[in-house]
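Here is the structure we will look at.
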Number of protein chains: 2
Amino acid sequence: MNELEPEHLKSAGLKSTLPRLKVLDLFKNGQERHMSAEDVYQLLRESGDNVGLATVYRVLTQFEQAGLLVRHNFEGGKSVFELNEGTHHDHIVCMQCGHVEEFYDSAIESRQKKIAAELGFTIHEHSLQIYGDCTKTKCPHRR
Amino acid sequence: MNELEPEHLKSAGLKSTLPRLKVLDLFKNGQERHMSAEDVYQLLRESGDNVGLATVYRVLTQFEQAGLLVRHNFEGGKSVFELNEGTHHDHIVCMQCGHVEEFYDSAIESRQKKIAAELGFTIHEHSLQIYGDCTKTKCPHRR
DNA sequence: AATGCAAATGAGAATGATTATCGTTCGCGG
DNA sequence: CCGCGAACGATAATCATTCTCATTTGCATT
Ligand SMILES: [Mn+2]
Ligand SMILES: [Mn+2]
Ligand SMILES: [Zn+2]
Ligand SMILES: [Zn+2]
């Protein structure tokens, strides 16, 4: 576990509480980049912290609204969060092992803008995920 | 209500039952192209048919597996289905009035293939939705 | 047209993710 | 150190979807 940073919370208009610091630390210094509420809850629990699952859900939503985290809805029914580092990107997810790669493609981005304009829409956001099989040697799909 | 078509079900390997015929008819001759299970359930109920919600869910999933329908996961937490007419397309959804437009962009499609290849993935499917505000005159966002 | 039976249905219970409630605890200004 | 509203934790509630199981139905066969 590393240093906790109350500044980030204060500057986001959130008061610095223990659960919030733990969650933020997990995203900043943990090993998983994309985590669900349950993931966060289990990891905190494993590290000996007693946080309520409801608090995890509350904090994740607050962090999303404060712009600290970004929420994604991959297949599987549960929301996944990651640190908001300012730069937008999309995801390609392995359906076998869950491995996630990130990508950004300016051609895709600009085509989307053009399409929305042609159809008379003002874009607020978009969601793009590619699902497939990865080629990591430990990935179970390579039986 | 129109003619029911048991042939489509038989050719899909599904026996022709009343609930299945009603659901298929809704998608073929109804006014809404994209419908959730609850939408289908309500519409059937309003037309005087007594189908169980569980049956609607079962039938929608069966139709999806049989290739008669395609399932989409737009924001909002509920699955949306539409008739599978063979041609893939993506969607742009109005966050104010729910209006949905469909589009297909070969540039986006080919970029996705290239990206997946570069990252060592074999694509199974992808999900792309653009969310924004439409410009329909009756759309509430134009206050 | 009557019979038989596996498949399908419908009502309601169960599930999984997420949110709401509420009494207790905590962070922080005074 | 105090006080109080914000935040917490446990748990009940909600929502979409799936499961269970007794009853009904499609359909092939008498
Ligand atoms: Mn990411
Ligand atoms: Mn469509
Ligand atoms: Zn993999
Ligand atoms: Zn609209």
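In what follows, every chain begins at residue 1, and chains take the letters A, B, ... in the order their sequences are listed.
Within the 4.0 Å cut-off from OP1 or OP2 of D:dA7, not a single side-chain nitrogen or oxygen of A:T55 is found.
Summarising the geometry, the separation between CG on B:D39 and P on D:dA16 is reported as 11 Å, rounded to the nearest angstrom. Separating the CD atom of B:E75 from the P atom of D:dA16 is a distance of 15 Å, rounded to the nearest angstrom.
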Where each pair must be Watson-Crick or G-U wobble with both distances under 3.5 Å, what dot-bracket representation of DNA chain D is obtained, with crossing pairs in [ ] and other-strand partners as |?
-> ||||||||||||||||||||||||||||||
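Taking the six-membered ring for Trp and thresholds of 30 and 60 degrees, A:H34 and A:H91 have ring planes more than 60 degrees apart, a perpendicular arrangement.
Residues forming a side-chain hydrogen bond (donor to acceptor under 3.5 Å, both in side chains) with A:R45 (at least two apart in sequence, or on another chain): A:Y41. With sequence neighbours excluded, no residue forms a ring-ring contact (aromatic ring centres under 6.0 Å, His included) with A:H8.
Salt-bridge formation is detected for the pair A:E102/A:R33: a Lys NZ or Arg NE/NH1/NH2 atom is positioned less than 4.0 Å from an Asp or Glu carboxylate oxygen. The pair B:E118-B:K113 fails the salt-bridge criterion, with no side-chain N (NZ, NE, NH1 or NH2) lying under 4.0 Å from an Asp/Glu carboxylate O.
More than 12 heavy atoms of other residues, nucleotides or ligands shown are found within 6.0 angstrom of NZ on B:K28. Residue B:E75 qualifies as enclosed at atom CD: its count of foreign heavy atoms under 6.0 Å is above 12.
Running 5' to 3' along DNA chain C, contacts with non-hydrogen atoms of chain A at under 4.0 Å begin and end at C:dA17 to C:dC28.
At a threshold of 4.5 Å between side-chain heavy atoms, the hydrophobic network of Ile, Leu, Val, Met, Phe, Trp and Tyr places B:M35 and B:F74 in two separate groups.
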Reading nucleotides 18-30 of chain D 5' to 3', which nucleotides get B (base under 4.0 Å from a protein heavy atom), which S (sugar-phosphate only), which -?
-> BBB-----SS---
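Checked against the 6.0 Å centroid criterion, the rings of A:F81 and A:H72 do not qualify as a close aromatic pair.
Listed by chain and number, the hydrophobic cluster partners of A:I115 are A:I92, A:F103, A:I108, A:L119, A:F121, A:I123, A:L128, A:I130, B:I92, B:F103, B:I108, B:I115, B:L119, B:F121, B:I123, B:L128, B:I130, where partners are ILVMFWY side chains within reach of under 4.5 Å, directly or through others.
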